[in-house]
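Here, residue 1 is the first one in the sequence, and each next residue gets the next number. When a ligand or atom number is given, it counts from 1 through the structure's own listing order. Being a predicted model, the structure only gives us computed values, none of them experimental.
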Amino acid sequence: MKIAIGNDHAAIELKKTIKEYLESLGNEVVDLGANENKGISYTVFGEAVAEKVVAKEVDFGVLICGTGVGISIAANKVPGIRAAVCSDPTTARLVKEHNNANIIAFGARIVGSEAAKDIVDAYMNATFQGGRHADRVNMISDIEKKYSK
Ligand code: RB5
């Protein structure tokens with residue numbers, strides 16, 4: 001798979017670990033930064049990964065900041081993005097199966113590197129179940145359209 005990854009200054013080390021892990025599994029990882037601990041904002045990297053996902057240049061995105069929250073909120077402002085913060089593998093599986101999340105996010109100040117690997121594994125091994133869940137995902141898209149005027 002081709003995966004875009006982005007992070008802020010709080011998550012540079014965990015991003016490197018997860019990037020290497022994803023590559024070790026045979027994935028191609030597009031690293032959109034940040035790789036330097038300068039005055040950088042999670043908003044920039046959340047948007048950058050979201051753009052790659054909606055353009056279908058990658059299969060999905062991974063975002064990491066201190067909590068996973070700020071960077072996912074930023075990404076979720078891009079129409080078509082369903083970024084989900086996950087702190088455990090069960091949530092990571094269900095956000096794919098039920099919500100068809102196209103970005104998973106987590107916090108470098110919340111989860112350790114082994115938990116983060118389990119989270120990406122659970123997400124990648126899951127499949128969107130469609131059916132009633134597709135109806136709800138479509139309803140989310142309808143809300144987005146309603147407020148995108
Ligand atoms: C940066 O200090 C921190 O606010 C950021 O990484 C993230 O946790 C925001 O949601």
Apply side-chain contact (heavy atoms from CB on, under 4.5 Å) to residues V30 and K2 and explain how you reach the verdict. CA-CA 7 Å; V30 181; K2 191 169 178 182; 3.7 Å; yes

May I have every N or O pair linking ligand 1 to the protein at under 3.5 Å, one per line with atom names and distance?
{"residue": "ligand 1", "atom": "2 (O)", "partner": "R109", "partner atom": "NH1", "Å": "3.3"}
{"residue": "ligand 1", "atom": "6 (O)", "partner": "D8", "partner atom": "OD2", "Å": "2.6"}
{"residue": "ligand 1", "atom": "6 (O)", "partner": "G66", "partner atom": "N", "Å": "2.7"}
{"residue": "ligand 1", "atom": "8 (O)", "partner": "G66", "partner atom": "N", "Å": "3.3"}
{"residue": "ligand 1", "atom": "8 (O)", "partner": "T67", "partner atom": "N", "Å": "3.0"}
{"residue": "ligand 1", "atom": "8 (O)", "partner": "T67", "partner atom": "OG1", "Å": "3.4"}
{"residue": "ligand 1", "atom": "10 (O)", "partner": "T67", "partner atom": "OG1", "Å": "3.3"}
{"residue": "ligand 1", "atom": "10 (O)", "partner": "G70", "partner atom": "N", "Å": "2.9"}

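Take Y123 and apply the ring pair (Phe, Tyr, Trp, His ring centres under 6.0 Å) test, not counting sequence neighbours, and it matches F60.
Among V49, L63, V62, V58, the single residue meeting the side-chain contact (heavy atoms from CB on, under 4.5 Å) criterion with I5 is V62. For the side-chain contact (heavy atoms from CB on, under 4.5 Å) criterion with D59, the lone passing option out of M1, E28, M124 is M1.
Residues N99 and L94 fail the side-chain proximity criterion, which asks for heavy atoms closer than 4.5 Å.
Side-chain contact annotation: N35 with K15, donor-acceptor N/O pair under 3.5 Å present.
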